[in-house]
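As the structure lists them, so they are numbered: ligands from 1, and atoms in each ligand from 1. Computation of the quantities below employed the complete heavy-atom set of this structure, encompassing side-chain atoms and omitting hydrogens, waters and symmetry-equivalent molecules.
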Amino acid sequence: MKILKFGGTSLGTPERMQQVADIIRNGTPMMIVLSAIGGTTDALEDITHYLYKNNKDAAREITSKLERKYKKLAEELYHSEAYHQKATELILSHFNHIRSHFNKSYSGLQQKSILAQGELLSSALFQYYLEEQQVASRLISALAFMRIDKNEEPDELYIQENLERELAKHQGASLFITQGYICRNAFGEIDNLKRGGSDYTASLIGSALEAEEVQIWTDVDGFHNNDPRYVKDTKVIRSLSFDEAAELAYFGAKVLHPASVLPCKLKEIPVRLKNTMNPRDEGTLITTSPSRQEIKAVAAKDGIAAIKIKSNRMLLAYGFIRKVFEVFEMYQTPVDVITTSEVAVSITIDKQDNIENILHDLKKYGAVEVDYHQSIICVVGNLMADEKGIIYKIFDALHDVPVRMISYGGNQYNVTLLVNTRDKTKALNALSNNLFRYEQ
Ligand code: ADP
Ligand code: ASP
Ligand code: MG
């Protein structure tokens, strides 16, 4: 069995849905994981945001606009009046569900239920489309098997047992469709795997079913060696190790959800990134093979806060770093990059919902400074393969970009740097020029 995940970028128009149908129509046993149609989850998030602010008019307006978009898609997608009618009724029922929340007092539960409508709609509409094209497929609800536990971690045993039970109900079927992103939590309520989480769904399913391959289909030819949104002339990387892919995804390469690497890595299931608009291209293959090539790629992650704690007592003192880390642990805040000097420690964090408490508690140990609007830039590859010295090339590229922190030596395939977000595009381009200019 292969697992194929199609992102929102692959589902936005009737032509793209047609392309997806062509890709999956080859008789190979497959489970298809679908995201919401592009832009939908953003719009649903806006609706929940306005409901939270008690601005029901704005929520109503976005809902109606989104509903019109779906009705138009249904008009163009289906050939027969019967399917157009079925799809229109389905769309109406989902939008009525969204509207049913407008008169209730707003809660996190309602937010999750509204956010789930995107994937529920795309999967049902796509299945109607396949049905109309006489392609036999079965729609399996992700809410029947995908579950996270009390720590918001996937409950892998539950997922495997329940998915196998659901599939066993359809003996002889070979094409299954399900929703990415959505799941149930430990209390059985509707929840999700966080933004971009459909990739994670695909890899959890891949792991549960010990799939032959997990394919992530999107709108680019695979993993690029730099962020194509900020750098021109980026190139596709044909092979990556799981560790390299995890590092790049974690530090900002949006093409893959960071958590989605681990389940496949543990079971050694190859992950392939492919382009829905260019299916013949081989894409990027992620496997356990270690990297031989030198520098593979650069990625950047925004929205980072850098906290510096300066203590005169740190000189020759032990226990200082432990106490600092305990504060982050207490507020369940992961630390990304850390650098130290004799009297200070600098730490970056991405999750900032507890930052005021963290800063307050850290003040017990010294003077605390915080810089917001920072970006982590991550350079990934086999650093040891470059005799000329990769650090020289990085510093040379960034000669006129102020670098706030640098972390090197944590492992042999990653250097991370911290720059102000306003310098990010310049830094990414300069690194591309120095690291990849002579390739090909
Ligand atoms: P999908 O809807 O298919 O999940 P995403 O928008 O989540 O698509 O991810 C694909 C996008 O990721 C690409 O269009 C590209 O702009 C962006 N991206 C960022 N960094 C990279 C990278 N290193 N390689 C490829 N794409 C990247
Ligand atoms: N639809 C969700 C999002 O936009 C999940 C995904 O696309 O992977 O974040
Ligand atoms: Mg995505």
Side-chain angles (χ1 to χ4, degrees), residues 4-13 16 19-20 23 32-46 48 66 112 114-123 142 146 178-183 191-205 215-238 240 244-260 271-278 281 283-284 286 295-302 375 377-381 424-425 428 431-432 435-436:
L4 278 71
K5 175 258 170 178
F6 292 89
T9 49
S10 304
L11 298 169
T13 61
R16 296 220 169 155
Q19 275 163 327
V20 175
I23 291 165
I32 311 300
V33 177
L34 296 180
S35 296
I37 289 172
T40 303
T41 312
D42 287 340
L44 296 171
E45 263 196 349
D46 287 347
T48 63
L66 193 62
K112 303 281 174 61
I114 292 175
L115 290 176
Q117 301 310 309
E119 271 70 12
L120 292 170
L121 262 166
S122 63
S123 54
M146 191 53 70
T178 193
Q179 302 87 14
Y181 176 65
I182 64 172
C183 62
D191 211 314
N192 62 60
L193 301 175
K194 312 252 159 59
R195 294 303 308 268
S198 297
D199 302 340
Y200 198 16
T201 305
S203 100
L204 288 166
I205 293 176
Q215 300 182 350
I216 307 291
W217 289 77
T218 182
D219 63 345
V220 282
D221 280 345
F223 231 118
H224 284 220
N225 61 5
N226 208 325
D227 194 324
R229 294 167 299 174
Y230 304 105
V231 178
K232 270 197 233 145
D233 304 325
T234 56
K235 304 244 157 37
V236 180
I237 312 163
R238 294 297 171 196
L240 275 173
E244 290 167 340
E247 213 70 51
L248 287 167
Y250 186 74
F251 287 116
K254 185 177 178 249
V255 68
L256 198 61
H257 185 280
S260 63
V271 176
R272 198 183 278 278
L273 269 62
K274 298 267 294 171
N275 188 348
T276 308
M277 274 59 80
N278 186 16
D281 189 274
T284 300
I286 305 170
I295 293 306
K296 287 284 182 75
V298 179
K301 176 162 145 183
D302 298 337
S375 294
I377 295 189
C378 173
V379 179
V380 165
K424 178 188 75 172
T425 305
L428 288 178
L431 285 166
S432 249
L435 298 171
F436 309 125

Discussion item. Checking contacts here: is it the side chain or the backbone of Asn226 that comes within 4.0 Å of ligand 1, counting heavy atoms only? Could be both or neither.
Written reply: backbone

Worksheet item: Does some side-chain heavy atom of Asp227 sit less than 4.5 Å from a side-chain heavy atom of Thr234?
Response: no

Fill in: Polar contact flag for Asp199 and ligand 2 (N/O pairs, less than 3.5 Å)
no

Fill in: Heavy atom of Glu119, distance to ligand 2 below 4.0 Å
yes

Worksheet item: Which ligand 2 atoms, with their elements, are less than 4.0 angstrom from a heavy-atom of Thr41?
Response: 1 (N), 2 (C), 3 (C), 4 (O)

Worksheet item: Looking at ligand 1, does Pro228 have a heavy atom less than 4.0 Å from it?
Response: yes

Discussion item. Any side-chain to backbone donor/acceptor pair from Asn192 onto Gly197? Under 3.5 Å, distance only.
Written reply: no

Item to complete: May I ask you to identify, for Ser35, whether its side chain, its backbone, both or neither come under 4.0 Å of ligand 2 on a heavy-atom basis?
Response: side chain

Worksheet item: In terms of residue, atom name and distance, what is the protein heavy atom nearest to atom 17 (C) of ligand 1?
Response: Arg229 NE, 4.0 Å

Item to complete: Compare every heavy atom of Asp281 with every heavy atom of Asp221, then report the nearest pair and how far apart it is.
Response: O-OD1, 3.7 Å

Worksheet item: Should Ala297 be listed as contacting ligand 1, given a heavy-atom distance under 4.0 Å as the test?
Response: no

Worksheet item: Can you tell me which residue and heavy atom of the protein come closest to atom 1 (P) of ligand 1, and the distance to 0.1 Å?
Response: Thr9 OG1, 3.6 Å

Practice prompt. Determine whether more than 12 heavy atoms belonging to other residues, nucleotides or ligands lie under 6.0 Å from atom CG of Asp233.
Written response: no

Worksheet item: To the nearest 0.1 Å, how far is atom 25 (C) of ligand 1 from its closest protein heavy atom, and which atom is that?
Response: Gly222 O, 3.4 Å

Discussion item. Can you give me the closest heavy-atom contact between Ala249 and Pro258, atom names plus distance?
Written reply: CB-CA, 3.7 Å

Discussion item. Main chain of Gly283, side chain of Arg238: is a donor-acceptor contact present, judged purely on distance under 3.5 Å?
Written reply: yes

Item to complete: Would you please determine whether Gly196 falls within less than 4.0 Å of ligand 2 on a heavy-atom basis?
Response: yes

Worksheet item: With a 4.0 Å cut-off on heavy atoms, is Gly8 touching ligand 2?
Response: no

Worksheet item: Given side chains that start at C-beta, do those of Met146 and Ile205 come closer than 4.5 Å, heavy atoms only?
Response: yes

Response to the item:
min-distance protein heavy atom vs atom 19 (C) of ligand 1 -> Asp227 OD1, 3.4 Å

Discussion item. Under a 4.0 angstrom heavy-atom cut-off, which atoms of ligand 1 come close to Lys5?
Written reply: 4 (O)

Worksheet item: What is the minimum heavy-atom distance between Lys424 and Ala300, and which atoms define it?
Response: CD-CB, 3.7 Å

Item to complete: Return yes if some donor-acceptor pair links the side-chain N/O of Gln179 with the main-chain N/O of Ala142 below 3.5 Å, else return no.
Response: yes

Fill in: Heteroatom proximity flag, Arg195 to ligand 2, N/O under 3.5 Å
yes

Worksheet item: So which bit of His224 gets within less than 4.0 Å of ligand 1, heavy atoms only: side chain, backbone, both or neither?
Response: both

Worksheet item: Is Lys5 in polar range of ligand 2, meaning some N or O pair under 3.5 Å apart?
Response: no

Response to the item:
dist Leu248:CG -> His224:NE2 (nearest 0.5 Å) comes out at 12.5 Å

Fill in: Distance from atom 6 (O) of ligand 1 to nearest protein heavy atom, with residue and atom
Lys254 NZ, 2.6 Å

Fill in: Any N/O pair Ser198/ligand 2 closer than 3.5 Å
yes

Discussion item. Does the structure place the NZ or CZ of Lys235 under 6.0 Å from the centre of the six-membered ring of Phe436, at an angle of no more than 45° from the ring's axis?
Written reply: no

Practice prompt. Answer with side chain, backbone, both or neither: which part of Asp219 has a heavy atom less than 4.0 angstrom from an atom of ligand 1?
Written response: side chain

Worksheet item: Which heavy atom in Leu11 sits nearest to a heavy atom in Ser122, and how many Å separate them?
Response: CD1-CB, 4.4 Å

Item to complete: For Tyr181 and Thr201, work out which heavy atoms get closest and say how close.
Response: N-OG1, 2.8 Å

Item to complete: Compute the shortest N/O to N/O distance between Gly8 and ligand 1 and return yes if it is under 3.5 Å, no if not.
Response: yes

Practice prompt. Can you pull out the closest protein heavy atom to atom 26 (N) of ligand 1? Residue, atom name and distance to 0.1 Å, please.
Written response: Val255 CB, 3.5 Å

Discussion item. Test your reading of the model: is there a side-chain donor-acceptor pair from Ser203 to the backbone of Ser260, 3.5 Å cut-off?
Written reply: yes

Fill in: Location of contacts on Thr218 toward ligand 1, heavy atoms closer than 4.0 Å
both

